[in-house]
Amino acid sequence: MGFESRADTTHQDRPRTPGSPDAAPETAGETAGGAAVLVGGPADGTRIRVTGRPAVVQVTYPCELDGPSDGARAEALYVYRRDLQVERAPLRYGVDPASP
């Protein structure tokens, strides 16, 4: 589809490492990873696997450049936020209408 999901970051957009102190705390009944589905926006219906139930997932789509770029590239960025009412897999992430 051309989309790249980035579910390996925390809500502060720092890389998540196993056992990291900024990793999302897990509560009873939650697992470290699981299936999720993106709802709305350009990635509507896309299924992904997430680790640690991140609050936000970023989806990018490459943009075509009209001229020389000297190695630069442009990507459209879409933010999907976890639906906190969904407690079991598949988790649901809805597009944030305030995405840049």
Side-chain angles (χ1 to χ4, degrees):
M1 262 195 212
F3 292 103
E4 175 187 348
S5 62
R6 297 181 181 173
D8 61 340
T9 59
T10 66
H11 62 282
Q12 292 93 2
D13 293 331
R14 292 182 299 218
R16 180 188 306 268
T17 56
S20 172
D22 60 322
E26 294 180 11
T27 58
E30 289 189 336
T31 60
V37 64
L38 304 179
V39 179
D44 186 42
T46 301
R47 294 189 170 272
I48 62 173
R49 181 151 305 273
V50 294
T51 301
R53 296 178 177 243
V56 175
V57 174
Q58 295 180 4
V59 174
T60 60
Y61 186 77
C63 298
E64 190 172 323
L65 300 175
D66 288 337
S69 65
D70 291 330
R73 56 181 211 200
E75 295 181 342
L77 171 69
Y78 299 90
V79 175
Y80 288 78
R81 297 192 183 277
R82 184 164 52 95
D83 182 342
L84 299 177
Q85 296 179 347
V86 177
E87 297 179 5
R88 297 185 184 269
L91 299 175
R92 187 169 62 195
Y93 288 81
V95 70
D96 185 337
S99 289

Partners passing side chain to side chain donor-acceptor pair (under 3.5 Å) against Arg92 (at least two apart in sequence or in another chain) | Asp83

Taking the side chain as every heavy atom from C-beta outward, state whether Tyr93 and Val50 have any atom pair closer than 4.5 Å.
-> yes

How close do Arg81 and Val56 get, heavy atom to heavy atom, and via which atoms?
-> NH1-CG2, 3.2 Å

What are the two closest heavy atoms between Ala76 and Cys63, and how far apart are they?
-> N-SG, 3.5 Å

State yes or no: do Val37 and Ile48 share one hydrophobic cluster built from I, L, V, M, F, W and Y residues joined by side-chain heavy-atom distances below 4.5 Å, directly or via other members?
-> no

What's the shortest heavy-atom distance between Ala74 and Leu65, and which atoms?
-> CB-CD2, 3.8 Å

Heavy-atom pair with the smallest gap, counting every atom of Arg53 and Arg82 = O-NE, 3.5 Å

Return the minimal non-hydrogen interatomic distance between Tyr80 and Asp44, and the atom names on each side.
-> OH-N, 4.3 Å

For the residue pair Pro42 and Tyr61, establish whether any side-chain heavy-atom pair is separated by less than 4.5 Å.
-> no

